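Just below is one structure, and these are the notes that go with it.
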Amino acid sequence: MAGLNRSGVPIAGDGRNLIDGRGWGPDTPGMGLLPVLWIYGPPGVGKSTVAWELFAQHPGPVGYVDIDQLGMCYGAPTAEEWSPEPADDPGRYLRKERNLAAIVDNFHRAGARGLIVSGIVDSVRGIDFDLFRHVALKPLRLRCEPAELVRRLGERNRAGDRLDEIADYAEQMDRGDLPGDCIDSTGLDKTKTVDAVRDHLRDWPPDSGTDGAANGAANGAAVTVPGEIVWLCGPAAVGKSTAGWETYMQSRLAGAHTAFLDLQQIGFLRPEPADDHRLKAANLAAIWRTYYEAGARRLVVVGSVEHPDQVALYRAALPGATVTVCHLRAGLRRLTERTLLRGQGQGPPIAGDTLAGRPPAELRRRAAAAHARDQAVAGEPAPDTEARDHAPGRDRGVPSAGRRPACTRTAVGDLEIDTDGQTPADTAAEILKRISAPPPGTGPRSPGARAT
């Protein structure tokens with residue numbers, strides 16, 4: 001233990017940059033590299049919460065990535081494993097690190113002077129620093145005592161948490177010789193932990209003396225690998241994430257090696273750029289290359305888009321792949337209902353959710369604004385199916401007179417899908433049926449081909 005920081009919080013380590021063993025002084029060679037702060041630790045310790053707060057409170061320009069968002073790529077389930085891990089990379093730690101290493105330069109080109117990363121690492125090996133020779137990487141570990149970790153996991157009450165495995169993982173970290181300093185957050189709430197980390201980091205990121213945006217265009221080189229990109233877009237709370245996850249799961253159940261990615265999670269940058277789609281498109285392309293090399297042939301993507309020119313950026317970044325944009329829509333009443341549920345916390349627990357915890361009156365206003373904006377995006381009115389939903393004897397599977405077919409095209413989408421009256425599983429099944437993809441392993445449709 002190296003002592004206490006100015007807040008009296010125990011700090012272990014010597015503050016070195018693990019890439020080259022030198023300290024973080026203003027004269028440190030290589031400070032033209034993008035500074036990357038990686039906050040890691042066991043699940044439930046608070047690393048994502050702390051990292052997000054640091055990002056949200058930083059004046060910028062700085063980016064944020066949760067590395068756990070960079071590893072959702074699996075083959076078809078087997079009799080033994082629902083989510084089979086790669087034999088040479090159990091836990092997919094290296095895959096996540098390769099994806100992170102592939103996108104950091106895109107943040108630098110977009111103008112970031114620093115990048116904050118949260119997520120787990122291999123509890124024995126740590127981090128593969130050879131992948132990060134092109135950045136100034138600073139790891140920082142968060143820990144707490146076992147009893148407190150169990151309490152925090154109970155408070156977050158996440159269905160996928162396996163308490164015994166997490167406890168073993170945390171114990172391995174405490175026993176190991178892992179990189180970077182360590183802050184013990186036992187007895188600290190979120191605010192005090194954030195203060196302790198900020199106090200320890202002091203003036204991070206150090207002044208690199210370079211403007212990242214001057215190093216090149218915000219978008220990286222095009223990635224020419226083939227494959228199938230199924231992109232679900234639509235207004236906030238329409239159900240992109242839940243339907244997208246169902247699409248990903250059903251695709252895997254059908255035998256396809258499939259990956260999943262949320263565009264919002266790979267485009268966090270403060271201050272927010274006028275057009276963040278260049279950064280997202282470049283990051284999507286870089287990540288798809290890694291997934292394709294790992295065996296994936298389909299990628300399910302969720303994220304908003306409002307103009308055909310924005311869609312064109314993604315197609316240009318992925319010229320070898322078939323990109324099918326599925327525009328999810330809903331009537332005002334249904335969209336308002338879903339927005340209110342998101343406000344109550346009934347959405348995926350991911351960073352950047354701007355609806356969770358907001359008052360009902362605000363949520364209703366935002367739903368109305370999102371509905372109106374979606375009408376403009378689609379180039380025609382959104383499905384107004386409230387009267388239809390209450391019609392006597394309505395058969396949900398049969399369109400009523402004058403109703404638009406469930407799937408057509410919109411200004412931004414190759415497919416338009418009316419989600420009113422559908423479960424996420426229904427929407428996913430409709431998408432997979434409509435994209436008319438070939439059987440797994442037979443290769444994608446020709447680039448640029450459109451579903452009908």
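All heavy atoms count here, side chains included; hydrogens, waters and symmetry mates do not. All residue numbers refer to positions in the sequence shown, counting from 1. The model shown is predicted, which means the values in this text are computed figures rather than measured ones.
- With Arg113 contributing its side chain and Pro205 its backbone, the two residues share no donor-acceptor pair below 3.5 Å.
- Taking a cutoff of 4.0 Å between a charged side-chain nitrogen and a carboxylate oxygen, Arg125 and Asp89 do not qualify as a salt bridge.
- With hydrogens and angles ignored, the 3.5 Å screen pairs no side-chain donor or acceptor of Glu416 with any backbone N or O of Cys326.
- For Asp276 (side chain) and Gly267 (main-chain N/O), no donor-acceptor pair under 3.5 Å exists by modelled atom type.
- Residue pairs meeting the ring-ring contact (aromatic ring centres under 6.0 Å, His included) criterion with at least one partner in residues 298-323, sequence neighbours excluded, are Trp231-Tyr314, His277-Tyr314.
- Partner Ile116 forms a side chain to side chain contact (heavy atoms under 4.5 Å, CB included) with one of Trp38, Trp204, Trp52, Phe268 and no other, that one being Trp204.
- In this structure, the side chain of Glu362 does not engage the main chain of Arg358 through any donor-acceptor pair within 3.5 Å.
- For the residue pair Thr354 and Arg366, a side-chain donor N or O sits within less than 3.5 Å of a side-chain acceptor on the partner.
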(message) Between Thr290 and Arg98, does the side chain to side chain donor-acceptor pair (under 3.5 Å) criterion hold? Intermediate values first, please.
(response) CA-CA 7 Å; Thr290 300; Arg98 290 184 183 119; over 6 Å; no
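- Note that Arg270 lies outside the cation-pi zone of Tyr64, set by a 6.0 Å cut-off to the ring centre and a 45° limit from the axis.
- Although no hydrogens or angles enter the test, the distance criterion places no donor-acceptor pair under 3.5 Å between the side chain of His371 and the main chain of Pro235.
- Atom CG of Leu37 is separated from atom NZ of Lys138 by 8.0 Å, given to the nearest 0.5 angstrom.
- Salt bridge status for Arg133 with Asp130: present, with a side-chain N to carboxylate O gap under 4.0 Å.
- Taking the side chain as every heavy atom from C-beta outward, Leu340 and Arg364 approach each other to under 4.5 Å.
- Donor-acceptor pairing under 3.5 Å is recorded for the side chains of Tyr74 and Arg92.
- The closest donor-acceptor contact from the side chain of Thr423 to the backbone of Asp426 lies under 3.5 Å.
- With hydrogens and angles left out, the side-chain atoms of Gln57 and Glu53 include a donor and acceptor closer than 3.5 Å.
- The residues Arg151 and Glu148 are annotated as salt-bridged, a charged nitrogen and a carboxylate oxygen being separated by less than 4.0 angstrom.
- A donor-acceptor pair under 3.5 Å links the side-chain atoms of Arg252 to the main chain of Trp82, judged by distance alone.
- Residues Asp88 and Leu94 are not in side-chain contact: their nearest non-hydrogen atoms beyond the backbone lie 4.5 Å or more apart.
- If you run side-chain hydrogen bond (donor to acceptor under 3.5 Å, both in side chains) between Ser251 and each of His257, Arg298, Glu228, only Arg298 comes through.
- With a 4.5 Å cut-off on side-chain heavy atoms, Arg315 and Val325 count as touching.
- Atom CG of Leu232 sits about 9.0 Å away from atom OG of Ser241, to the nearest 0.5 Å.
- In this structure, the side chains of Ile229 and Thr324 stay at 4.5 Å or more apart for every pair of heavy atoms.
- Glu337 contributes atom CD, which lies 15.0 Å from atom CZ of Arg342 (distance to the nearest 0.5 angstrom).
- With Ser185 contributing its side chain and Arg143 its backbone, the two residues share a donor-acceptor pair below 3.5 Å.
- Between Thr419 and the choices Lys240, Arg329, Arg338, Arg334, the side-chain hydrogen bond (donor to acceptor under 3.5 Å, both in side chains) rule is met once, by Arg338.
- Here the side chains of Val62 and Phe107 are not in contact, with every heavy-atom distance at 4.5 Å or above.
- Note on Asp66 versus Lys96: no salt bridge recorded, every NZ/NE/NH1/NH2 to OD/OE distance being 4.0 Å or above.
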Enumerate, atom names and distances included, each donor-acceptor pair closer than 3.5 Å involving a side-chain atom of residues 43-51, sequence neighbours excluded.
{"unit_1": "Lys47", "atom_1": "NZ", "unit_2": "Gly41", "atom_2": "O", "d": "3.4"}
{"unit_1": "Lys47", "atom_1": "NZ", "unit_2": "Pro42", "atom_2": "O", "d": "3.1"}

